[in-house]
Structures are given as structure tokens and as C-alpha cells.
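These numbers come from a predicted model, not from an experiment. Whatever order the structure lists them in is the order used to number ligands and atoms, beginning at 1.
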Amino acid sequence: MAFKPEKPSIHGETPETLGVRLVEGGHPRYRAAQVFEWIYPRRAEKADKMTNLPANLRAWLAENYDFEATEVLGRQTALDVTQKLLQRLRDGSLIETVIIRAPMEGVGQDKSRRTICISTQVGCAYGCKFCASGLDGWKRDLSVGEIVSQLVQVCRIEDQADPARAAEGLASFDNIVVMGMGEPLANYDNLMAALRIVNAAWGFGFGARRVTISTSGVVPKILKLAEEPEGFRLAISLHGATNEVREKIMPVNKKYPLEELVPAAKAFARKHGRMLTLEFILIEDINDMLEQARKLAVIARELHAHVNLIPYNKVEGLPWVRPSLTRQDRFVKELRALGVTATLRREKGHDIDAACGQLRLQKEKEAVRNGPPPPAAA
Ligand code: SAH
Ligand code: SF4
């Protein structure tokens, strides 16, 4: 179900691939470097802005490339300054990009540390039972250009709040987490190509160590990722410390049970010599029992992993319940008592349905009630 847009996204190109197309179009190859200088450090949103390029080249770029493969439709701001962007793709599909601000001592809110959470697919085939993204299944993978375009749109918005950083040509965010809609490792090639663009000196020059990829546990792809030279960080959505519990809420566990997932995670950690994160959503009476905390502690210690506890965020139509604060505290205390470093995310954005896929789901329901969204601008 691949979507073929009218024009390819400029954000899916590299100096090599653009160079080839330039030559085919009768333009010198060296112009590619100038084009990238405009696109990333200088944030040009259309070819017309590239004032040091000849007019015929600007016209050629505008005719042959899409500069906005994703378009920001709306923004929601939560009380705790988490911001959600709903972005529309050229086929009308909706995805989410979340900006999470961690205020820093002594600086204004605009200078707070910004983490951007990006999507990699429309929908998700993995069908975890607590997740809004998987409710309607998988629609399609995002292209390389669509993944990068999401970040470019964030920069355009954040530049307004931080013009000094924009003037230096740096990305206007500090971390990327690939934890939005979709299973990133199921769109492996496009994700890697997109992250390499973000990482490249001619792109955003954004360090691989500031990028965390979250997976529900696609074992062969974890092993493949371990072999990549860049050293992106890895988070594993565990959500169950035994196969029995994990299987109840994560169908992927049938294919890749813990006895395969844990060694794969270990191989990754060994290769990169860096700490993994284990994500664990707390759902009442499903996985928040002390017995689970003890088994989780064994896995976390074996992997030297940090545990990130996320209280379940209510999804309309799903039966699960978020545990009380007392039960959440009891769980984290047990882990810590067993020597595990754990954080309990009193998660940001709860007031705007920040858990993955929820804003999009709500919009799609509205669209069903009100008719389809207007077509994306040409
Ligand atoms: N597919 C990947 C990345 C996207 S989902 C993965 O599963 O890791 C990323 C995270 O969204 C999940 O780990 C989980 O932490 C969070 N999430 C999904 N549904 C949620 C819910 N209802 N409440 C809280 N967090 C949720
Ligand atoms: Fe897909 Fe991740 Fe949601 Fe599971 S939690 S359905 S893998 S997006």
C-alpha cells in the first residue's frame, strides 16, 4: 500500500542522489551542496528563497520537488508545555509529532530542553492492546522525506521561540525520540535513511547519541541496528516481565518472546557499551503487581538497563485502568530496593492525550462524523 506522491520530497534526498538528478536536469552537480545549505541550516521552505541560485534552477527545483511533504494542521498545548502537532501527509493521512519541554534551572521556558517525538508509520500493525496507534491497524510506512519533513516543520515552529539557535543553523531541539505512531523497526530502511540525513553534517548535524529509537521488540531488527555504525540509542517497550503477562497485551511477544528479546537487547548493549532503556507502562492488575516488579528487576539488572515507568494513559474504548499513585510508588520503590535505576514518568501531556496515536485517532473519529478532511494543498 505504498503511496506515490506527485513529486518526491526534497527532504528524502542526499547530496549524491540530488546531484544525479541535477545533472539529469541539465544543472551542475555542485549545486546540490548549495541546495542543502538552504534546506537545513537556513530552513528555506521553498525554492524561491534560495536567492544565490539561478532562476532556472529554482524553477526546476520547485517543479520537481515537494518542499512540504508534511503540513502542520493544528497544535495542542498541554498545561505542562508539551505540545502536539498534527501533521497531514499528501494523501490526507494524519500523523503526530510531539514537542516535550523539560524546563532547565535559570533559563526561560523558550530555552528549555526540547525533545521531539516523531512518527514512522501511519497506524501500526503490532496491535498492542493498550495503544491507540494500533487500534485501526497499519496503513502505510512513512517515506524518508516524510520522516525528515516532520522535524523540519518542528524547526520552523521552534525557530520563532529560539531565533539565536536558528541563526546558527542548528536544529532547534535537543533530543529526538522515535516513539510516535508506528513501529520504527518495521520501517527500518526509511528510518535509517532519515536519521542519517538528520545526522549528516550537510543535514542538521544532529548527534546520533541524542536519538533514541523505541521498539516493541522486533528481534532481528534490534540485532541489525546493533551493527549500524552511528550508535543511535535504543529503548525497549517491555510492558511485561514474563511471557504470560507480555502476551496478554503485546501480540509481538508470541513471535519474539522474552528468551529471544532479552539476549538481543543484551547484544545491542554490549556492542554499543551504553545503557538501554526499558519502557514499562503500568496498567492496574495487569502488570503492576510486586511479582512483576521483581521479575522486571532481574531483567533490568541483567541488561544494565534503566527502567522508565509510564502510568497507563486512558484510551477511549479500551478497558485498562491507570494504577493509583500508591500502587505506582510501591512498584518503583520495589525496583529501586532491588538495585535498579528507575524513573516514574508523571507523564507530560496527559491533559492533551499525549500517548501515542491518540490525537490522530480523535481527529479521525471527528472526520468520520464530519466527512473527510480537505485534500492536502498541491
Ligand atoms: N512502536 C514503538 C514506538 C511507538 S509506541 C514501541 O512500541 O516502542 C511508544 C510508546 O508509547 C510505548 O512504549 C508506550 O510507552 C507509549 N504508549 C502507547 N500507548 C500508551 C498508553 N495508552 N499509555 C501510556 N503510554 C502509551
Ligand atoms: Fe505499535 Fe508501539 Fe503502539 Fe505497540 S505500542 S501498537 S508497537 S505503536
Electrostatic pair Glu228:Arg196 at N-O distance under 4.0 angstrom: yes
Ligand 1-proximal atoms of Leu318, by part, heavy-atom distance under 4.0 Å: neither
Ion pair check, Glu68 and Arg156, cut-off under 4.0 Å: yes
Atoms of ligand 2, numbered as shown, that sit under 4.0 Å from any heavy atom of Ser216: 7 (S)
Ligand-side contact atoms (ligand 2) for residue partner Gly127, heavy atom cut-off under 4.0 Å: 6 (S)
Ligand 1 contacted by Gly182 (non-hydrogen, < 4.0 Å): yes
Ligand 2 contact by Ser237, heavy-atom criterion under 4.0 angstrom: no
Neighbour count >12 (heavy atoms, 6.0 Å) for atom CD, Glu259: yes
Per-residue contact class, Asn313 against ligand 1 - non-hydrogen pairs under 4.0 Å: both
Whether Cys131 has an N, O or S atom under 2.8 Å from atom 3 (Fe) of ligand 2: yes
Phe206 six-ring centre to Arg210 NZ/CZ under 6.0 Å and within 45° of normal: yes
Check: Phe130 ring centroid to Trp320 ring centroid under 6.0 Å: no
Polar atom proximity, Tyr312 to ligand 1 (N or O, under 3.5 Å): no
Contact summary for His239 and Val245, nearest pair of heavy atoms: O-CG1, 4.3 Å
Within-cut-off N or O pair, Phe130 and ligand 1, under 3.5 Å: yes
Contact partition for Ser133 relative to ligand 1, non-hydrogen atoms under 4.0 Å: neither
N or O pair under 3.5 Å between Glu279 and ligand 1: no
Test: Lys271 and Glu227 ion pair at under 4.0 Å: yes
Close-contact set for ligand 2 against Gly182 heavy atoms, below 4.0 Å: 8 (S)
Any Ala235 heavy atom less than 4.0 Å from ligand 1: no
Charged N-O contact under 4.0 Å between Glu158 and Arg101: yes
salt_bridge(Glu334, Arg330) N-O dist < 4.0 Å: no
Selected option - heavy-atom contact closest to atom 6 (S) of ligand 2, from Gly137, Ala186, Cys128, Ala125: Cys128
Ligand 1-proximal atoms of Met181, by part, heavy-atom distance under 4.0 Å: neither
